[in-house]
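Quick notes on the structure that follows.
Read the numbers this way: they start at 1 and go in the same order the structure lists the ligands and their atoms. Excluded from the calculations below are hydrogen atoms, water molecules and symmetry mates; all remaining heavy atoms, backbone and side chain alike, are included. Heads up: numbering here begins at 1 and tracks the sequence.
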Amino acid sequence: MLPDVQGYDALVRDFRWNMPARYNIAEACCDRWAAATPDAPALIRCRDAGVQAVSFRTLRQRADKLANALQALGVTRGDRVGILLPQCVEAAEAHLAVYKLGAVAIPLFTLFGPDALAYRLADSGAKALIGTAEELGTVQAIADQVPDLRHWIAVHGDAPGAHGYEALLTRARDRFETADTAADEPAVVIYTSGTTGNPKGALHAHRVLLGHLPGVEFPHEMFPKPGDRFWTPADWAWIGGLLDVLLPALAHGVPVVAHRFAKFDPEQALALMAATEVRNTFMPPTALKMLRQVDRPAERFGVRLRSIGSGGETLGAELLDWGRDAFGLTINEFYGQTECNLVVGNCAGQMAVRPGAMGRPIPGHTVAVLDADGHPLPPGQEGRVAIRAPDPVMFLEYLNKPEATRAKFTGDWLLTGDTATTDQDGYLWFVGRDDDVITSAGYRIGPGEVEDCLGAHPAVAMVAVVGVPDELRGQRIKAFIVLNPGHDAGDTLTCALQDHVKTRLAAHEYPREIAYVPALPLTATGKIKRKDLRERGADACPAG
Ligand code: ATP
Ligand code: MG
């Protein structure tokens with residue numbers, strides 16, 4: 001039987017943060033485990049020779065050496081260091097070394113092209129960059145745009161003008177004393193996904209990791225439990241990979257599988273999880289939708305998961321149902337953003353999960369839906385999702401954007417830029433990003449539920465819904481659809497899909513227009529760029 005809502009209420013009521021004045025992420029994720037359980041696995045990697053574990057002792061030794069090497073190059077407390085690596089052992093070592101120095105990590109996606117890298121490296125004023133030899137080649141082409149960047153360190157190969165990573169480690173001294181940082185001292189800049197425009201660099205303090213722990217514990221069914229082992233296809237350059245998986249798992253001494261596929265392939269992901277005995281995973285909805293295309297995944301591949309978390313976009317009731325069928329688990333959705341993450345979520349073992357709701361405030365966070373004047377709204381009324389300061393997961397500021405930082409707050413509340421409602425029991429129901437909510441013929445429609453409904457149709461592999469200008473209605477709903485193999489685009493299917501929404505969801509929520517496309521525009525974090533589709537949709541079909 002599911003525990004009742006009141007059980008979770010007690011957890012929320014009794015929760016107290018225990019925030020130390022001094023805190024360092026590297027101490028929490030590495031040094032203390034290297035002292036307590038040096039032989040325990042910290043990272044798991046797959047090599048040709050098979051599955052290989054890296055112990056906390058080795059992780060600490062190598063992070064210490066790298067910290068010494070960086071220090072010898074002149075990197076000091078407060079300096080910014082770019083980390084342009086996929087999910088690999090060296091990426092974890094680089095993060096830890098930077099935190100040990102009291103320097104600030106700038107995680108960067110290897111998927112980025114030269115313009116995206118130039119923007120972030122210049123904005124952050126990175127002094128050193130640790131990257132794969134291949135990626136450093138991309139950055140070398142834009143070297144004139146990043147004058148602050150003085151030291152280049154190449155992992156997995158050589159790059160002209162760069163130090164070799166292993167050579168630096170070989171020469172470096174062994175032991176490094178981790179900086180005694182204040183919990184509020186800057187540790188990492190994470191750029192937002194850039195779903196709605198130019199990405200912003202959210203500066204976070206060391207304490208951000210402590211703030212994330214309840215938000216990992218609950219959606220992962222009281223994480224950690226004995227035998228837990230984490231993997232995510234989400235890049236560690238994204239807050240979802242770094243602070244929802246890598247660092248919180250290490251902070252609990254739980255091993256993390258360090259592996260990235262060049263392109264997410266559901267069958268390869270399942271084979272990896274089986275081979276490395278993964279028990280916990282965080283998969284954004286886009287990845288789950290791809291997994292859904294595999295028949296009987298758990299059984300066929302021998303995957304034995306204990307918890308699946310998802311977030312970053314709306315999960316939707318359909319994927320929730322599929323998760324129960326496919327893995328016998330409730331996928332616990334959670335919600336947050338780069339600036340203030342993991343503040344709302346589900347925990348199937350502790351509360352009743354309501355299909356379509358993104359969960360309840362996680363213990364330790366105050367989340368409300370506010371009206372235009374900044375006052376909390378009663379249940380059922382749509383408003384702006386806000387998080388009350390102070391909160392340990394809250395960012396310090398946007399780098400170089402004081403105006404944007406100020407605009408992010410009203411009074412004590414951080415404004416997320418998202419619209420939602422609450423219900424009587426405090427569950428939050430996501431409506432949409434402020435910009436994505438569709439206003440059609442006086443109705444306000446969140447794209448998520450229309451997408452969820454269309455996604456349940458067997459012809460549909462991926463779908464995004466936007467509002468495009470309409471003289472009569474203000475906006476009309478347009479769906480962009482990627483079809484599953486074996487289905488033909490055409491009027492017959494369009495009518496069938498429109499009927500599907502009219503009969504299942506609501507007559508006024510059906511897409512008046514459907515465009516069949518080979519793929520959807522996604523951010524590096526796998527989120528649909530509805531802004532691009534809106535522009536495309538408006539161009540293709542002028543108002544009227
Ligand atoms: P940018 O701020 O640059 O436009 P972004 O907001 O997509 O990009 P992130 O910080 O990675 O960058 O994403 C946070 C946003 O993702 C949230 O504000 C919300 O809009 C969306 N989001 C996160 N979790 C969920 C969820 N469970 N359901 C619906 N939307 C979610
Ligand atoms: Mg945002």
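At a 3.5 angstrom cut-off on N or O pairs, D418 counts as close to ligand 1. Distances between N or O atoms of N198 and those of ligand 1 include no value under 3.5 Å.
Contact atoms of ligand 1 toward T338: 9 (P), 10 (O), 11 (O) (distance under 4.0 Å to a heavy atom of the residue). Which parts of ligand 1 touch F334 is read off a 4.0 Å heavy-atom cut-off, strictly below it: atoms 24 (N), 26 (C), 27 (N). Remark: ligand 1 atoms within the under-4.0 Å shell around heavy atoms of W238 are 11 (O). Near F430, the atoms of ligand 1 lying under 4.0 angstrom from a non-hydrogen atom of the residue are 20 (O), 29 (C), 30 (N). For ligand 1 and E333, the ligand atoms under 4.0 Å from any heavy atom of the residue are 26 (C), 27 (N), 28 (N).
Ligand 1 is approached by G312 to a heavy-atom distance shorter than 4.0 Å. By the 4.0 Å heavy-atom criterion, G336 is counted among the residues contacting ligand 1.
A donor-acceptor contact shorter than 3.5 Å is absent between the side chain of E339 and the backbone of F395. A side-chain donor-acceptor contact under 3.5 Å links E221 to the backbone of G349. S440 contributes a side-chain N or O that, together with a main-chain N or O of Q475, makes up a donor-acceptor pair within less than 3.5 Å.
Looking at T192 and Y398, their side chains never bring a donor and an acceptor atom within 3.5 Å of each other.
Among protein heavy atoms, atom 2 (O) of ligand 1 sits closest to T192 CB, 3.6 Å.
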Sequence neighbours excluded and cut-off under 3.5 Å, please list the side-chain donor-acceptor pairs for residues 314-328, or say none.
residue : atom : partner : partner atom : Å
R324    : NE   : T330    : OG1          : 3.3
R324    : NH2  : T330    : OG1          : 3.4

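A salt bridge does not link E403 to K408: none of the charged side-chain nitrogens sits closer than 4.0 Å to a carboxylate oxygen.
With sequence neighbours left out, the ring pair (Phe, Tyr, Trp, His ring centres under 6.0 Å) criterion links F264 to no other residue.
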